[in-house]
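Reviewing the structure listed below.
Every chain is numbered from 1, with letters handed out A, B, ... down the list of sequences.
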2 protein chains.
Amino acid sequence: MGDTATSARTRNPLPHRVRRSADQARRTILAVAEKHLANDGPDAVRVQVIAREIGISDAAVHHHFGSRQGLLEALMRHAARSLRTETESVLADWNGKPSGLHRIADGIATIYADRGYARLALWLSQEGWESRGSGIFQPLVDAVHRTRLEQARHNGRVRPKREDAQFAVATLNLALAADPLMGSGFLRSVELPDDRDTRARFRRWLVRTLVSVLLPS
Amino acid sequence: MGDTATSARTRNPLPHRVRRSADQARRTILAVAEKHLANDGPDAVRVQVIAREIGISDAAVHHHFGSRQGLLEALMRHAARSLRTETESVLADWNGKPSGLHRIADGIATIYADRGYARLALWLSQEGWESRGSGIFQPLVDAVHRTRLEQARHNGRVRPKREDAQFAVATLNLALAADPLMGSGFLRSVELPDDRDTRARFRRWLVRTLVSVLLPS
DNA sequence: CCTCCTACTTAGACTAGTATCAGTAGTGTG
DNA sequence: CACACTACTGATACTAGTCTAAGTAGGAGG
């Protein structure tokens, strides 16, 4: 007694030293860090834990990022980038027609729910991550708005506001991102069961509703 | 050197000892804890910080709650209770007519945004706070659904599903709660400015949209 | 006034984490 | 091959936090 207490550091001397390129090492570290961030939030990003998981010492992480803060900042950039990449790949899958909105919504929902990006978006948002990632949903907004303009011209209705499309897309995102974070509570608050099926139905209802408002048939 | 290092405990010997009733003490502690939780999230709930802020020692907090975990559990009950109370008081302000929905939405939005309860709801949700607080929005759902039933009977339309009202209320809550947490990011993602005015317009748009879907005129 | 109860304090043990530093060992290059 | 460069280790310092133990003081009831 009194020497195992020397703590985590002592156990498991690291295996044989592996030398990565600085770039490779940074990416490995960031990937693991992002996983923790997405799954369990920013406070789960612990340099010791990350290091051990990779099989390096925590000092190595400090070597590459200077400090935990440095890691978090790099992580923020990295996370923002991968969120953007994911989002763009979903939008790329899209035929450009509002009729494909359900597919898009499902794709977005998958990003947020299954891949843990909801928490990540929350974190980025709270850190005031303003500059990057803005306007990412503009293509979606544009397509919807364009369709509305055509439809209105065709039916001789008043020219719709672009802001409607913006609000709708924002709502879609907000709801889809919030769903994995707080969905269960709010489903229960209206006495709905909290299961996969209800979630899916909710998502469909949301898209159908937004579409029917934007593009009344 | 080496003795100021004895840490925070040492600075500022506490003023004259104040003796509260156990109940009073617990309530004071919980109130401060809830403030930190609502403003800065669960990890901002630090017994030392709370104690110092009240002017007692951290050991006093342990005396009342046993452990930080104990405090968090009490806090969860307390937070859930006050969230419920707030919500109920907003619902009480309501004339029961769907036309008053904007007022209600504003009230709910105020709870979430201005009083920091969005984070609190998020925390409760993540802790899997299932049992309590469920069904809290049932009165709202009921009123909306009732109105829809009447309207449908009057116009000879098909009987509307109750689930629609539930989903709508859930969406309203989800969006209003998520707005203070991640609203700015998503507003920017559709290239909208992130200011008070836009937020307010967004909220109005949301309610108007949901109402127009539920109660087409 | 005495006495008991308990809310509270002070001191400090213990833990988990970040950060630093001197040295070690892969690796690419002349 | 030798050299320099740097990714990485191991030990250790330091900090911020939780929790405990022992004692202190305010207040209520006899």
Quiz item: Between Asp43(B) (CG) and dA16(D) (P), how many Å, whole number?
Solution: 17 Å
Quiz item: Which part of the nucleic acid does Ala25(A) contact within heavy-atom distance under 4.0 Å: base, sugar-phosphate only, or nothing?
Solution: sugar-phosphate
Quiz item: How many Å lie between CD on Gln48(B) and C1' on dA13(C), as a whole number?
Solution: 14 Å
Practice problem: Quick one: label Ser57(B) by what it contacts on the DNA or RNA (base, sugar-phosphate, nothing), any heavy atom closer than 4.0 Å. | Solution: base
Quiz item: Is the shortest side-chain N to carboxylate O distance from Asp197(A) to Arg201(A) below 4.0 Å?
Solution: yes
Quiz item: With the threshold set at 4.0 Å, does a side-chain nitrogen-carboxylate oxygen contact exist between Arg52(B) and Asp58(B)?
Solution: no
Quiz item: Which part of the nucleic acid, if any, lies within reach of Gly70(B) when heavy atoms closer than 4.0 Å are counted: base, sugar-phosphate only, or nothing?
Solution: nothing
Exercise. Going by the side chain to side chain donor-acceptor pair (under 3.5 Å) test, name the single residue among Arg115(B), Glu34(B), Arg77(B) that passes it with Ser82(B).
Key: Glu34(B)
Quiz item: What is the distance from CD of Gln24(B) to C1' of dG26(D), rounded to the nearest Å?
Solution: 16 Å
Quiz item: Rounded to whole angstrom units, what separation is found between the CZ atom of Phe65(A) and the P atom of dA7(D)?
Solution: 12 Å
Self-check item: Minimum-distance nucleotide to His64(B) side chain [options: dA7(C), dT18(D), dC8(D)]
Solution: dA7(C)
Quiz item: Mind checking what makes side-chain contact (heavy atoms from CB on, under 4.5 Å) contact with Ser125(A), not counting sequence neighbours?
Solution: Met182(B), Ser184(B)
Quiz item: Just how far, in rounded Å, is C1' of dC8(C) from CZ of Arg52(B)?
Solution: 14 Å
Exercise. Would you please confirm or rule out a distance under 4.0 Å between OP1 or OP2 of dA16(D) and any side-chain N or O of Arg46(B)?
Key: no
Self-check item: Atom pair distance, as rounded to whole Å: CD1 in Ile50(A) and C1' in dG17(C)
Solution: 13 Å
Quiz item: Relative to the 5' end of DNA chain D, which residue comes earlier, Gln69(B) or Ile29(A), by the nucleotide with the nearest heavy atom?
Solution: Ile29(A)
Exercise. With heavy atoms under 4.0 Å as the rule, sort Ser21(B) into base, sugar-phosphate or nothing.
Key: nothing
Quiz item: Are any of His63(A)'s side-chain N or O atoms less than 4.0 Å away from OP1 or OP2 of dC8(D)?
Solution: no
Quiz prompt | Under 4.0 Å protein heavy-atom contact, by nucleotide of nucleotides 20-30 of chain C - B base, S sugar-phosphate only | solution = BB-BBBBS---
Self-check item: salt bridge (charged side-chain N to carboxylate O under 4.0 Å, His left out) between Glu88(A) and Arg84(A), worked out
Solution: CA-CA 6 Å; Glu88(A) 277 169 352; Arg84(A) 181 176 200 112; 3.2 Å; yes
Quiz prompt | Short side-chain to backbone donor-acceptor contact, Arg204(B) and His102(B), under 3.5 Å | solution = no
Quiz prompt | Modelled atom types, side-chain donor and acceptor of Tyr112(A) and Glu86(A), under 3.5 Å | solution = no
Self-check item: Whole-Å distance separating the CZ atom of Arg27(B) from the C1' atom of dA7(C)
Solution: 15 Å
